[in-house]
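A quick write-up on the structure given underneath.
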Amino acid sequence: MSIRHASLALALVLVTALAGALLAWLALGRVRAATDALSTSPVSAWTLEVEGDMTESERGWRGRARVLGDNNVEVGRVWLSSPNRLECGSLVTCVGRFRPNGDDEWGTTSRMQGLAGTVSIVRVSSESQAKGLLGVVLCARRAVLASFSPYESDGAAVLAGSVCGDRAPINSRKLDCAFATCGVSHLVAVSGGHLAILAGALAALLGKTSMGPAARGSLALGVICLFIVFCGAPASAVRAGIMSCISFGGSLVGRRSHALSSTCAAALVMALLDPFVTGQLGFLLSVTSVVGICLFGGYASHALDVFTSGLRRSGRCSTTVTHALVRLLSTACEALGVSLVAQLFTLPLTVPAFGEVSLIAPLANLMLAPLFTALVSLGLVAAVLTPLTALQAPVLTVATTVSQGFCGALSALARLPLACLPMEVNAAPMLVALVATSVALYGFWPVPRHRHLVCGVAALAGALVLTLLGLRLLQPARVCVLDVGQGDAILVADGSSAVLVDTGPGAAASQALARQGIIHLDAIVLTHLHDDHAGGVDDLVGRLGCDRVLVAEGVAGQIPKDLSESIGRLSGHAAEEVSYGDTLRVGAFSLRVVSPDATVDGTENADSLVLALTYEHGSNKLTGLLTGDAEKDEMSACQARGDVGDIDFLKVGHHGSEISLTPVQAAFLDPEVSVASAGEGNRYGHPREECVEALEGVGSAFLCTKDVGTVTVWPGARGPTVSTERAVRRDAAAMASGL
């Protein structure tokens with residue numbers, strides 16, 4: 001590959017990216033104007049046109065909408081929050097509230113997508129469906145979705161998402177986590193792969209007619225455009241559709257198809273039509289992955305083919321491997337190369353956005369792609385046959401069965417330990433490294449050599465194994481109160497052992513554990529069943545290994561079904577119970593259950609497991625108390641039984657509520673450092689002033705995760721050593737300096 005060709009290719013990509021960014025920046029004035037206009041008129045005066053499918057959230061349904069004013073002129077675009085789902089393309093008038101974007105990260109991201117704020121619907125006044133051809137297409141879509149019954153099974157949900165582009169059933173059945181863990185979310189994002197399947201079927205059908213190439217191509221493009229609208233016009237599908245139009249137009253005038261040029265042209269056309277599309281993650285992922293494949297997909301596949309050539313040439317294999325298997329291996333190398341390049345090129349986008357990288361993605365794409373092609377093909381046939389129920393039924397049954405098999409394989413891959421590794425890396429250095437590597441590789445284009453590839457792969461594998469062994473076996477002795485927002489998650493680690501006490505309310509715990517280098521847990525202890533202590537279990541599935549999950553005596557039978565299923569997926573079996581006096585060893589740490597002393601159901605704060613912590617190794621020592629949401633009454637009972645005494649470290653109960661402990665109890669415990677776990681701006685006012693004053697009044701350094709992030713307590717010869725993720729405020733710092 002010549003330097004000239006490399007320069008032209010990379011310049012084309014760079015110019016496209018800069019042009020898209022410039023168009024988006026120039027269009028920001030429209031968002032400001034829309035915000036001003038929408039802030040000065042009542043929501044009831046607007047007509048809202050729902051764009052795409054709404055997704056279910058904890059507070060109802062969320063989506064996007066165009067705000068139409070007089071004569072149906074667009075005023076702006078907004079996020080739409082509704083207690084009920086509104087259909088794609090529907091026109092809605094309502095009573096509600098408009099809230100402009102703030103200056104936080106969410107507000108900035110929304111503005112970059114052309115959204116002026118959020119409309120929260122209180123009551124829908126009227127709802128009507130789209131008219132004309134769009135209305136007909138969307139009506140057909142609703143009929144197809146109804147025939148698929150997408151909420152009845154995992155297979156039906158994936159079929160609806162793959163054929164109709166409706167991801168709500170997938171999210172409702174919590175399959176989106178498995179797709180993300182396996183790095184195959186793009187399979188259900190309608191894009192070039194779907195259009196290729198549809199185009200292939202159309203070519204086979206139209207090839208049997210007497211129509212000319214131009215007529216066949218025009219008809220095929222028309223059907224593809226209708227299919228894109230049918231799927232809700234996601235950015236990835238629109239990009240692929242424009243590429244198809246450009247390629248077809250080029251063929252009519254005798255121009256050879258060039259995928260990279262078509263991709264860049266499609267991106268520019270979309271940015272010209274809607275500058276804010278460049279702020280949508282789906283569009284960026286679609287374009288970036290295709291650009292990467294155009295540049296290096298063939299090279300990566302060839303390198304893998306060279307890497308496996310030794311296997312095909314070996315004498316032993318030559319007598320046992322048939323020609324079909326060799327061809328299958330070459331096909332696998334091609335698919336794997338494309339998958340690896342797409343994943344690497346999108347890492348600067350996916351890691352900052354999702355905080356994780358899928359290690360199983362290449363294997364998952366290789367295994368699931370054939371099944372996915374089959375289910376999409378069958379699903380398209382079933383969709384076409386929707387008006388003919390008798391003919392559709394057997395096809396739909398087969399399609400759902402194949403889709404169910406796809407879901408089974410997906411779930412099995414997602415449950416593998418370390419299938420997905422949480423990671424927090426700034427996008428800028430990743431992007432610089434990607435661009436620099438691309439320029440060097442595309443400019444010099446080294447010829448892959450089998451020996452060099454084997455040495456390189458061996459070096460990478462060795463480095464990975466050593467890194468994982470270090471993370472698994474060499475954890476320093478420490479207690480970390482992880483910053484998980486308004487919830488609890490405390491890591492106790494030493495050497496090859498690590499235990500997590502509570503998991504926080506969502507995904508924050510897995511990301512915090514990644515920052516601590518934790519890839520395996522001996523156990524998770526759930527102090528009680530409140531969501532802010534047990535809600536993060538599901539997010540840990542597939543992200544690290546876990547041997548068992550422990551709860552208080554009497555709680556195992558009270559665990560909700562969803563949480564019980566997550567525990568089973570995470571540890572491989574049901575939760576185990578621990579009782580008063582039981583001790584859990586974590587390296588040189590011991591965690592002894594000091595409350596409750598009777599059977600509980602885990603539904604109340606008073607049911608919280610309270611763990612007395614001790615550590616002794618050489619001259620380093622540490623004593624502490626992990627309290628869950630236990631409060632002063634439980635502390636009094638522990639004190640009366642003689643289960644607690646003078647300690648070095650206190651994890652403050654119930655996020656530092658006013659009744660977490662009394663001044664007398666604080667003096668009795670006399671902790672040198674006290675840490676509360678609470679979320680910034682939480683509606684409870686945690687930690688409360690009464691709690692802070694009680695602990696600081698006995699000379700304890702008081703820290704809260706909402707102020708300083710994760711707090712780490714290290715055993716020491718002269719008392720505990722404390723470090724924080726963020727700077728400590730001065731008064732706490734002055735007290736902590738004496739520890």
Side-chain angles (χ1 to χ4, degrees), residues 53 55 148 150 153-171 173-200 227-228 230-232 234-240 281-290 292-293 297 331-332 334-346 349-350 354 356-380 382-383 399-414 419-420 542:
D53 294 304
T55 57
F148 282 4
S153 68
D154 289 351
V158 170
L159 199 62
S162 305
V163 175
C164 303
D166 185 1
R167 294 179 59 92
I170 291 176
N171 297 337
R173 300 187 69 85
K174 297 185 177 180
L175 292 171
D176 53 326
C177 293
F179 276 97
T181 298
C182 293
V184 292
S185 297
H186 62 281
L187 291 180
V188 286
V190 178
S191 60
H194 297 71
L195 301 193
I197 295 172
L198 179 60
F227 176 68
I228 292 172
F230 176 85
C231 295
S236 55
V238 174
R239 186 268 310 158
L281 184 61
F283 169 79
L284 295 174
L285 290 174
S286 175
V287 172
T288 303
S289 60
V290 174
I293 291 170
T331 302
E334 181 179 357
L336 188 59
V338 169
S339 174
L340 283 170
V341 168
Q343 185 180 16
L344 288 173
F345 260 70
T346 54
L349 296 171
T350 57
F354 305 118
E356 60 189 26
V357 56
S358 175
L359 301 182
I360 200 72
L363 177 62
N365 277 278
L366 196 62
M367 292 180 59
L368 296 176
L371 278 174
F372 183 75
T373 300
L375 75 87
V376 170
S377 301
L378 290 166
L380 288 172
T400 305
T401 302
V402 173
S403 185
Q404 199 67 39
F406 174 91
C407 293
L410 176 73
S411 298
L413 289 168
C420 186

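Along the sequence shown, residues are numbered consecutively beginning with 1.
Between His194 and Phe372, the two ring planes are perpendicular [angle over 60°; tilted spans 30° to 60°].
Between the Ser339 side chain and the Ala335 main chain, no donor and acceptor come within less than 3.5 Å of each other. Under a 3.5 Å cut-off, the side chain of Ser411 and the backbone N or O of Cys407 do form a donor-acceptor pair. In terms of modelled atom types and a separation under 3.5 Å, the side chain of Ser162 and the main chain of Leu159 share no donor-acceptor contact. For the pair Ser403 (side chain) and Ala156 (backbone), a donor-acceptor distance under 3.5 Å is absent.
Of all heavy-atom pairs spanning Leu366 and Ala332, the tightest one is CD1-O, 3.6 Å. Nearest heavy atom pair, residue Asp166 against residue Asp53, reads CA-OD2, 3.6 Å. Nearest heavy atom pair, residue Phe227 against residue Val163, reads CE1-O, 3.5 Å.
Annotation: the span from Leu368 atom CG to Leu413 atom CG amounts to 5.5 Å, rounded to 0.5 Å. The distance from atom CZ of Phe406 to atom CG of Asp154, rounded to the nearest 0.5 Å, is 11.5 Å.
At least one side-chain heavy atom of Thr373 sits less than 4.5 Å from a side-chain heavy atom of Ile197. The side-chain heavy atoms of Val238 and Phe283, taken from C-beta on, include no pair separated by under 4.5 Å. At a threshold of 4.5 Å between non-hydrogen side-chain atoms, the residues Val287 and Arg239 count as touching.
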Which donor-acceptor pairs under 3.5 Å do side chains of residues 182-193 form with protein atoms, sequence neighbours excluded?
unit_1	atom_1	unit_2	atom_2	d
His186	NE2	Asn365	OD1	2.9
Ser191	OG	Ala189	O	3.3

